[in-house]
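This report refers to the structure that appears directly beneath it.
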Amino acid sequence: MPAATNKPDLIAVTQKEYAKLQKLIAPLNEATAMRKVDDLSIKDIIGHRAHWISLFLGWYHDGQAGKEVHFPACGYKWNELLRYNAALRAAQADMSWAETCDLLAANTTKLLDFMENHDDAALYCAPMKGANNHWTAGRWAEASGASHFRSASKYIGKAVKSGTSLVNGVRD
């Protein structure tokens, strides 16, 4: 799927992919969401998506303020994402399923507010400040939102269909 190149398309794809993800996770109970398969749960996937939205918003604001932007995060390089994600799962381990879903909803609202409050020029006419690459703020926003929602939906959909996840507490 080609990346959005304007504000209306960015908002539309973000809302569309978030709605698909919400439809998949809405019927899941806490036991289902917390069940680990290969050391990863649906709750972990959702917590990860929520967190990366906040990372993007931090990158953007730091870049705009002329601060150093730490990609992906302070003390980590892109080739250390496995270690970073493991640390994130550990940091979110005590979060309930409801708290995780609430965090995703809150951060998605922040992301959509960000999109609404920036015009096409701010989103797509220049590389994002501090990113040290050619990606625009709009492209980063899509990667942190719609693209992440899409990959989460694929993972969760496959897990549910294959029976490696529990749906409403009953094995498929």
Side-chain angles (χ1 to χ4, degrees), residues 1 3-4 6-30 32-34 40-65 67-76 78 80-119 122-124 128-131 133 135-157 159:
M1 169 177 268
N6 60 62
K7 177 180 172 172
D9 289 351
L10 177 61
I11 291 170
V13 73
T14 301
Q15 291 172 331
K16 174 186 167 189
E17 296 301 336
Y18 182 66
K20 285 181 185 178
L21 181 57
Q22 284 294 75
K23 186 177 179 180
L24 273 173
I25 65 174
L28 302 180
N29 63 28
E30 181 128 2
T32 300
M34 305 289 261
L40 191 65
S41 69
I42 290 172
K43 184 212 121 192
D44 294 333
I45 298 294
I46 298 303
H48 177 271
R49 273 40 180 195
H51 177 75
W52 277 78
I53 292 170
S54 62
L55 278 179
F56 159 70
L57 293 171
W59 299 333
Y60 180 83
H61 293 297
D62 285 350
Q64 292 299 303
K67 296 178 182 177
E68 181 180 2
V69 180
H70 298 279
F71 280 95
C74 189
Y76 292 90
W78 285 111
E80 297 174 306
L81 284 179
L82 291 177
R83 183 172 67 91
Y84 181 81
N85 290 336
L88 175 61
R89 285 191 301 277
Q92 293 180 340
D94 292 334
M95 287 177 65
S96 70
W97 175 233
E99 290 169 330
T100 304
C101 290
D102 288 347
L103 181 62
L104 180 66
N107 285 354
T108 300
T109 297
K110 290 177 187 176
L111 181 63
L112 287 165
D113 287 347
F114 168 85
M115 293 171 190
E116 289 287 351
N117 291 315
H118 291 82
D119 61 16
L123 292 169
Y124 288 105
M128 188 169 83
K129 289 183 181 178
N133 66 18
W135 276 25
T136 63
R139 183 65 189 99
W140 279 108
E142 186 170 350
S144 301
S147 295
H148 252 170
F149 300 156
R150 188 178 306 114
S151 66
S153 292
K154 286 179 184 175
Y155 174 88
I156 294 166

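One-based numbering along the sequence shown.
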Taking atom CD1 of I11 and atom NZ of K16, what is their separation to the nearest 0.5 Å? 15.5 Å
Before we go on, tell me: are the rings of F114 and W140 under 6.0 Å apart, centre to centre? no
Between Y155 and L24, does a side-chain contact (heavy atoms from CB on, under 4.5 Å) hold up when you go through it step by step? CA-CA 11 Å; Y155 174 88; L24 273 173; over 6 Å; no
Heavy-atom distance under 4.5 Å between the side chains of R89 and L40, does that happen here? yes
Could you measure the distance from the CD atom of E99 to the CG atom of D94? Nearest 0.5 Å is fine. 9.0 Å
Atom of W59, atom of P72 and distance for their closest heavy-atom approach: NE1-O, 3.1 Å
Nearest 0.5 Å, please: how far is CD in Q22 from SG in C101? 7.0 Å
Got a donor-acceptor contact below 3.5 angstrom from the E142 side chain to the A4 backbone? yes
Nearest heavy-atom contact between K129 and V69 is O-CG2, 4.2 Å
Is the backbone N or O of S41 less than 3.5 Å from a side-chain atom of D44, with the two atoms forming a donor-acceptor pair by type? yes
Would you say CG of D119 has more than 12 non-hydrogen atoms from neighbouring residues, nucleotides or ligands within 6.0 angstrom? yes
Would you say K43's side chain and Q92's backbone share a donor-acceptor pair under 3.5 angstrom? yes
Would you mind reporting whether L111 and Y18 have side-chain heavy atoms less than 4.5 Å apart? no
Looking at every non-hydrogen atom in both residues, tell me the closest pair between W97 and L28 and how far apart they are. NE1-O, 3.1 Å
Do R49 and S151 pair up side chain to side chain, a donor and an acceptor below 3.5 Å, judged on atom types alone? yes
What orientation do Y60 and F56 show, parallel under 30°, tilted 30 to 60°, or perpendicular over 60°? tilted
For M115 and L123, work out which heavy atoms get closest and say how close. O-CD1, 4.1 Å
Do H51 and Y84 have their ring centres less than 6.0 Å from each other? yes
Write down the atom of I46, the atom of I25, and the distance for their closest heavy-atom approach. CD1-CG2, 4.0 Å
Rounded to the nearest 0.5 Å, what separation is found between the CG atom of L21 and the CD1 atom of I45? 10.5 Å
Residue pair R139, M128: steps toward the side-chain contact (heavy atoms from CB on, under 4.5 Å) verdict: CA-CA 9 Å; R139 183 65 189 99; M128 188 169 83; over 6 Å; no
side-chain contact (heavy atoms from CB on, under 4.5 Å) between R150 and V13, intermediate numbers included: CA-CA 10 Å; R150 188 178 306 114; V13 73; 3.6 Å; yes
Rounded distance [0.5 Å steps], OG1 in T100 versus CD in E30: 8.0 Å
How far apart are the closest heavy atoms of H48 and L88, and which atoms are they? CA-CD2, 3.9 Å
Can you tell if the side chain of K20 reaches within under 4.5 Å of the side chain of F149, non-hydrogen atoms only? no
Evaluate the side-chain contact (heavy atoms from CB on, under 4.5 Å) criterion for residues L57 and N107: first the C-alpha distance (whole Å), next the side-chain angles of each, then the deciding distance (0.1 Å), finally the verdict. CA-CA 9 Å; L57 293 171; N107 285 354; over 6 Å; no
